[in-house]
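The next block holds one structure in the form of structure tokens; read it before the comments.
Just so you know, ligand 1 is whichever comes first in the structure, and atom 1 is the first atom listed for that ligand. Note that the coordinates shown come from a computational prediction; the quantities given were computed from them, not determined experimentally.
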Amino acid sequence: MRTPIIAGNWKMNMNPEQTAEFVKAVKDKLPKATEVESVIAAPAVDLPALLENAKGSELKVAAENCYFEDEGAFTGETSPKVLKEMGVDYVIIGHSERRDYFHETDEDINKKAHAIFNNGMTPIVCCGESLETREAGKAEEWVEAQVKAALKDLTAEQVSNLVIAYEPIWAIGTGKTATSDQAEEICAVVRKTVADLYDQGVADKVRIQYGGSVKPANVKELMAKPNIDGGLVGGASLVPESYLELVNFND
Ligand code: 13P
């Protein structure tokens, strides 16, 4: 019932030429977006090249961040209004790298979620615990609190369309994937949190991704879990061959 969504998060990698090469290599080999949605989230400087080359293909385009105001004196920020005008579909918000290195707060992330919906795009809201929090036995309550804060005052209709990415920080870029059972356990907590805040109907519609060292070798097992509807993939999304293996996990 939920369309799987596999999103590459390029982080601060790739330039416009590399972006064009990448899209040319993958665009004719992607699954139908009605069966599996293939998304690439690229740095703002690469979005024009990504959008131009992805035109007419099944590839959807995401920004890796944006600001919560549409315009004004906010030096260095990216306008959600302009992202929409350019043709961007999704915006990642609340990635742990942005929370940790750039001090983004739950309140910022919630404001960004509203701004993205108000501009007709869909947020991919990230959540996830540190190793310390997990070892203290507090992963579930941590993620639940992050999800509640990010969704504050969003409507049921908005949340039905939302994507939430569960990314345990200890599994990002470490080669250490959460086991599919560990990933499923917290993705189920995310869905239950949405059910408690809204209702089961909304929770059944929200799409939940797992992120953290997802690669062709483990994508199938993760995607087989009932509460995992997709992946948010860093390193393995930078190479066309492995990206294609990820989005075509059903083949
Ligand atoms: P890796 O797939 O490189 O572990 O990165 C995960 C991630 O942070 C995606 O947003």
Keeping Lys27 on the side-chain end and Ala54 on the backbone end, is there a donor-acceptor pair under 3.5 Å?
no
Examine the side chains of Trp170 and Glu129 and answer whether a donor and an acceptor come within less than 3.5 Å of each other.
yes
Could you tell me, atom by atom, which parts of ligand 1 come under 4.0 Å of a heavy atom of Ser213?
1 (P), 2 (O), 4 (O)
Looking only at distances, can you tell me whether any N or O atom of Glu167, backbone or side chain, sits closer than 3.5 Å to an N or O atom of ligand 1?
yes
Polar proximity ligand 1 side, His95 side, N/O cut 3.5 Å exclusive
yes
For ligand 1, which is the ligand I care about here, please tell me if Leu232 has any N or O atom under 3.5 Å from one of the ligand's N or O atoms.
no
Lys205 vs Asn161 side-chain heavy atoms within contact, under 4.5 Å
no
Looking at Asn9, which atoms of ligand 1 are within less than 4.0 Å of one of its heavy atoms?
9 (C), 10 (O)
Counting from 1 in the order shown, the ligand 1 atoms closer than 4.0 Å to a non-hydrogen atom of Gly234 are 1 (P), 2 (O), 3 (O), 5 (O), 6 (C), 9 (C)
Can we say Lys84 and Asp70 salt-bridge, meaning some charged N sits less than 4.0 Å from an Asp/Glu carboxylate O?
no
Yes or no: does Ala236 have any heavy atom under 4.0 Å from an atom of ligand 1?
no
Ligand-residue contact atoms, ligand 1 with Gly235, heavy atoms, under 4.0 Å
1 (P), 2 (O), 3 (O)
If you count the atoms of ligand 1 from 1 in the order shown, which ones are under 4.0 Å from a heavy atom of Ala171?
4 (O)
Looking only at heavy atoms, is any part of Lys11 under 4.0 Å from ligand 1, and if so is it the side chain, the backbone, or both, or is it neither?
side chain
Between Gly212 and ligand 1, does any nitrogen or oxygen pair lie at a separation below 3.5 Å?
no
If the contact criterion is a heavy-atom separation under 4.0 Å, does Gly173 count as touching ligand 1?
yes
